[in-house]
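Throughout, numbering of the chain's residues begins at 1 and tracks the sequence. Treat the numbers as computed from the prediction; the structure is a model and nothing was measured.
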Amino acid sequence: MDFILSHVEHGVMTLTLNRPDRLNSFNDVMHQQLAECLKQAERDETIRCLLITGAGRGFCAGQDLNDRNVDPNGPAPDLGMSVERFYNPLVRRLAALPKPVICAVNGVAAGAGATLALGCDIVIAARSANFVMAFSKLGLVPDCGGTWLLPRVAGRARAMGLALLGEKLSAEQAHAWGMIWQVVDDAALVDTAQQLAVHLAAQPTFGLGLIKQAINASETNTLNAQLDLERDYQRIAGRSADYREGVSAFLNKRALHFTGK
């Protein structure tokens with residue numbers, strides 16, 4: 001079965017998590033199919049923006065617990081192996097992808113589904129959507145980058161509350177706290193996310209990739225290290241075909257045509 005639906009058009013790869021009967025919760029096969037799609041996004045130069053959403057009434061309920069059935073009379077499971085094999089590579093690949101990653105949250109985003117969504121570059125949520133750090137309800141630790149991400153997008157106090165209490169956070173509140181980019185009516189989510197993705201795919205994506213890497217690096221860099229990185233990235237950006245195209249189009253007062261190189 002296709003647990004990940006992939007569609008490429010106008011430079012945008014749209015990936016739809018497709019286990020709607022399980023609220024798009026992850027199992028091993030779904031992880032493997034997502035990894036293959038991301039491999040294509042990394043290698044295909046015609047793909048210049050990635051859009052991730054979910055099928056049905058939810059975005060992603062995190063890990064499918066039926067896939068991690070724990071026998072109370074058996075040996076303890078090694079959940080760290082799943083994190084190491086699937087979730088950590090997923091977070092690293094999305095962060096390293098030199099293209100914008102948009103997440104359209106169409107319903108509940110719980111556990112690793114919430115941290116996956118919030119870790120994307122731009123997050124648009126339907127008004128009915130909510131985020132739940134469900135890990136604490138099971139005696140677990142936020143993964144999929146959760147403990148690194150939450151203090152940075154929400155602040156330490158809110159991160160602690162979200163992680164320890166595991167209560168629902170509405171899309172409206174997440175937006176008010178600056179955790180996501182935009183909230184739209186449910187009926188407008190698909191069109192809004194697609195329009196933004198198509199717009200970004202037509203922009204100088206070589207430079208957008210450098211912006212993404214610079215902002216990610218700033219989370220741990222000192223000011224001096226970040227200034228040096230800006231210098232180095234600006235040097236690289238200034239040698240790009242996109243920069244030459246932008247300057248040429250501006251001076252000649254003509255339409256822009258970026259290639260992402």
Side-chain angles (χ1 to χ4, degrees), residues 4-17 33-54 90-106 116-126 180-185 187-219 221 226-261:
I4 303 293
L5 302 180
S6 175
H7 177 73
V8 179
E9 188 175 9
H10 302 306
V12 177
M13 171 181 266
T14 301
L15 299 181
T16 304
L17 311 182
Q33 291 181 3
L34 179 57
E36 286 301 310
C37 291
L38 292 179
K39 186 184 297 182
Q40 180 185 354
E42 291 165 346
R43 296 177 178 179
D44 189 342
E45 293 184 353
T46 67
I47 296 171
R48 299 178 60 195
C49 183
L50 182 65
L51 172 60
I52 303 175
T53 191
L90 171 60
V91 173
R92 291 183 175 118
R93 292 181 88 165
L94 290 176
L97 188 69
K99 306 170 185 182
V101 180
I102 301 171
C103 185
V105 184
N106 55 301
L116 168 63
L118 294 172
C120 292
D121 301 326
I122 296 181
V123 185
I124 303 174
I180 63 176
W181 175 247
Q182 189 178 13
V183 176
V184 298
D185 292 338
L189 178 66
V190 173
D191 286 346
T192 302
Q194 282 287 349
Q195 288 171 13
L196 178 60
V198 170
H199 167 76
L200 287 173
Q203 298 305 299
T205 48
F206 183 86
L208 298 187
L210 293 176
I211 291 172
K212 172 177 173 175
Q213 300 308 317
I215 289 178
N216 285 342
S218 73
E219 301 287 0
N221 270 351
Q226 193 68 14
L227 291 174
D228 288 344
L229 183 142
E230 289 178 356
R231 175 203 63 211
D232 296 341
Y233 278 13
Q234 201 72 299
R235 179 175 290 130
I236 295 169
R239 293 170 177 165
S240 70
D242 276 350
Y243 174 68
R244 289 194 296 274
E245 167 63 12
V247 173
S248 175
F250 175 79
L251 294 177
N252 291 285
K253 297 185 169 76
R254 61 170 175 80
L256 294 157
H257 180 67
F258 295 113
T259 59
K261 296 179 181 177

For R231, is the CZ atom crowded, meaning more than 12 foreign heavy atoms sit under 6.0 Å from it? yes

Greater than 12 external heavy atoms within 6.0 Å of Q234's CD: no

Note, I4 side chain near L17 side chain (heavy atom, < 4.5 Å): yes

A side-chain contact here means heavy atoms from C-beta on lying under 4.5 Å apart; do L50 and L38 qualify? yes

What is the distance from atom CD1 of I124 to atom SG of C103, rounded to the nearest 0.5 Å? 9.5 Å

Could you measure the distance from the CG atom of L227 to the CG atom of D232? Nearest 0.5 Å is fine. 11.0 Å

Main-chain N/O of Q40 paired with D44 side-chain donor or acceptor, under 3.5 Å: no

Mind listing the closest non-hydrogen atom pair of [X] and [Y] along with its distance?
X: A125; Y: L189; result: C-CD1, 4.0 Å
X: I102; Y: C49; result: CD1-SG, 3.9 Å
X: L116; Y: L90; result: CD1-CD2, 4.0 Å
X: G54; Y: T16; result: C-CG2, 3.7 Å
X: C120; Y: I52; result: SG-CD1, 4.4 Å
X: I47; Y: A41; result: CD1-CA, 4.1 Å

Enumerate, atom names and distances included, each donor-acceptor pair closer than 3.5 Å involving a side-chain atom of residues 196-215, sequence neighbours excluded.
residue: Q203; atom: NE2; partner: H199; partner atom: O; Å: 3.4
residue: T205; atom: OG1; partner: R48; partner atom: NE; Å: 3.0
residue: T205; atom: OG1; partner: R48; partner atom: NH2; Å: 3.1
residue: K212; atom: NZ; partner: L94; partner atom: O; Å: 2.8
residue: K212; atom: NZ; partner: L97; partner atom: O; Å: 2.9
residue: K212; atom: NZ; partner: K99; partner atom: O; Å: 3.1
residue: K212; atom: NZ; partner: D121; partner atom: OD2; Å: 3.0
residue: Q213; atom: NE2; partner: A95; partner atom: O; Å: 3.2
residue: Q213; atom: NE2; partner: A96; partner atom: O; Å: 3.4

By side chain to side chain donor-acceptor pair (under 3.5 Å), which residues pair with N221, not counting sequence neighbours? Q226

Residue pairs fulfilling salt bridge (charged side-chain N to carboxylate O under 4.0 Å, His left out) with at least one residue in residues 198-211, sequence neighbours excluded: none

Mind jotting down which residue pairs meet the salt bridge (charged side-chain N to carboxylate O under 4.0 Å, His left out) criterion with at least one end in residues 190-210? Sequence neighbours excluded, please. none

Just grab all the side-chain hydrogen bond (donor to acceptor under 3.5 Å, both in side chains) pairs involving residues 236-246, residues at least two apart or on different chains. E245-R254

Side chain to side chain contact (heavy atoms under 4.5 Å, CB included) with V183: which residues, sequence neighbours excluded? R127, A171, E172, H175, I180

Does a side-chain N-to-carboxylate-O contact under 4.0 Å join K39 and E42? no

Given T14 and Q194, is the side chain to side chain donor-acceptor pair (under 3.5 Å) satisfied, shown in steps? CA-CA 9 Å; T14 301; Q194 282 287 349; 3.1 Å; yes

